[in-house]
Undergrad: 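I'd like to ask some things about the structure below.
Convention: sequence-line order gives letters A, B, ...; per-chain numbering from 1.
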2 protein chains.
Amino acid sequence: MTRDTRQRMVAGAARMIGTGGIDAMSLRDLAEQEGVPLGSTYHHFPGGKAELVDEAVRYVGAYVTRIIEQAPETGPRGVLQVFSDTWRATLAQSDYRSGCAVLAAATSTDPRHHEVAREVFEAWQQVLAGSLADAGVPPARAPRLARTVVAAVEGAIGLSRAAGTADPLDEVIEELAELLDSAAPTR
Amino acid sequence: MTRDTRQRMVAGAARMIGTGGIDAMSLRDLAEQEGVPLGSTYHHFPGGKAELVDEAVRYVGAYVTRIIEQAPETGPRGVLQVFSDTWRATLAQSDYRSGCAVLAAATSTDPRHHEVAREVFEAWQQVLAGSLADAGVPPARAPRLARTVVAAVEGAIGLSRAAGTADPLDEVIEELAELLDSAAPTR
DNA sequence: GTCTATACGAAGATAGAC
DNA sequence: GTCTATCTTCGTATAGAC
């Protein structure tokens with residue numbers, strides 16, 4: 001019960017943050033949306049909004065990490081596809097209004113949230129680098145390449161939100177695939 | 001006089017938006033920072049905050065466009081360097097707290113600001129594509145590659161803000177340079 | 001035309017009834 | 001332990017004195 005409510009609030013917060021940023025996530029709106037009294041927010045999250053935000057960002061981080069880890073081995077292009085498809089779905093399901101809550105945390109004025117964003121970005125980078133190395137990318141280059149994939153996809157999500165279409169994301173993925181191909185010559 | 005005040009407000013808004021997003025830009029703070037009475041805001045910007053935001057985003061857009069246009073001809077790597085150096089300076093000058101106001105507009109809940117962000121991103125893409133084509137990139141591929149550069153740099157700015165260092169941006173630029181080199185074989 | 005003072009709503013947070 | 005009612009602060013916006 002209580003546990004479910006908590007989780008629903010975290011997931012709802014993640015979506016609201018991904019849509020409009022941390023400042024646009026109102027505890028009032030969230031409580032109403034999830035059918036929870038406003039006062040209960042501070043029972044579930046004694047640290048208030050900041051605690052909820054951090055948890056929501058970590059929730060998104062873990063969700064995407066799991067998707068990458070569970071992806072089948074289909075070469076560098078496959079890794080890239082799995083990662084970008086996750087965000088393509090988020091974009092499409094929200095009519096290109098929602099994006100990534102981790103980037104929102106990274107662009108917050110509160111440095112506390114920067115730290116959480118950094119951790120998530122690094123986790124994604126590491127798991128992506130591992131997958132790329134498994135798929136034939138030289139181990140020395142994989143981390144740098146993984147970071148580039150994360151950055152380019154995050155930026156492409158922003159461009160797609162501005163455009164209202166998946167075209168920017170699609171084109172960026174095309175070019176990233178070229179880059180990955182040239183980096184994994186043994187395939 | 002009045003003209004200078006207006007321009008200062010636009011530039012100040014651009015910085016505040018780049019630092020914390022549109023919601024974090026308060027008209028009160030801006031007026032105080034620029035030494036302007038709060039009420040005067042609505043004399044200079046009858047459309048209120050929305051008008052000021054749009055103008056600030058366009059201001060950033062024009063600023064960066066001009067820098068790219070005025071860059072000397074030094075091949076694809078040079079074009080990339082000029083674009084990324086602009087943002088490296090913004091990051092360093094703000095101790096990695098400020099980023100790009102255009103991305104902030106793209107991630108706003110208000111669709112009106114998406115339109116402005118789209119225009120600026122497209123303008124950058126076009127001028128970058130032109131520079132890349134001049135530098136030896138096949139004209140058919142230049143627009144797609146330019147879009148990738150914009151997206152990757154925007155994302156890298158976010159990663160660098162989260163990390164508190166320029167490392168992510170530097171590494172992404174390295175990989176983008178590889179990609180550009182492979183796309184401009186005649187050099 | 002410029003600026004002071006204020007209206008009005010919404011934000012985060014908390015006190016205290018049940 | 002849950003939830004209602006409320007406190008305080010800060011947001012945009014405006015009315016009206018000068």
Undergrad: Return the set of residues passing side chain to side chain donor-acceptor pair (under 3.5 Å) with B:S182 (not counting sequence neighbours), or none when no residue passes.
TA: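 None.
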Undergrad: Taking only side-chain N and O atoms of A:H43, does any of them lie within less than 4.0 angstrom of OP1 or OP2 on D:dT2?
TA: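 For D:dT2, OP1 or OP2 has a side-chain N or O of A:H43 closer than 4.0 Å.
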Undergrad: In this structure, how many angstroms lie between the P atom of D:dC10 and the CD atom of B:E32, rounded?
TA: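 Between P of D:dC10 and CD of B:E32: 11 Å.
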Undergrad: Whether B:S40 contacts C:dT2 is assessed here as follows: a side-chain N or O lying under 4.0 Å from the phosphate OP1 or OP2. Is that the case?
TA: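 No.
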Undergrad: Return all side-chain donor-acceptor pairs below 3.5 angstrom for residues 25-35 of chain A, not counting sequence neighbours, or 'none' if the list is empty.
TA:
from	atom 1	to	atom 2	distance (Å)
A:S26	OG	A:R28	N	3.2
A:S26	OG	A:D29	N	3.0
A:E34	OE1	A:R8	NH1	3.2

Undergrad: Going by the rule side-chain contact (heavy atoms from CB on, under 4.5 Å), which residues pair with A:D23 if we only count those two or more places apart in sequence or in a different chain?
TA: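 Only B:D23, B:A24 meet the side-chain contact (heavy atoms from CB on, under 4.5 Å) criterion with A:D23.
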Undergrad: Parallel, tilted or perpendicular, judged at 30° and 60°: which one describes the rings of B:W87 and B:F83?
TA: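 Ring orientation of B:W87 relative to B:F83: perpendicular.
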Undergrad: With sequence neighbours left out, what residues match A:R147 under side-chain contact (heavy atoms from CB on, under 4.5 Å)?
TA: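 Scan of A:R147 (side-chain contact (heavy atoms from CB on, under 4.5 Å), adjacent residues dropped) gives A:Q125, B:L159, B:D167, B:P168, B:E171.
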Undergrad: Identify, with sequence neighbours excluded, every residue that meets side chain to side chain donor-acceptor pair (under 3.5 Å) alongside A:T19.
TA: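 Partners of A:T19 by the side chain to side chain donor-acceptor pair (under 3.5 Å) criterion, ordered by chain and then number, come out as A:S98.
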Undergrad: Within the 4.0 Å limit for protein heavy atoms, which parts of nucleotides 11-18 of chain D are touched? Write it as a string from 5' to 3', B for base, S for sugar-phosphate only, - for none.
TA: BBBB----
Undergrad: In whole angstrom, what separates A:R6's CZ from D:dG1's P?
TA: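 Distance, rounded to whole Å: 16 Å.
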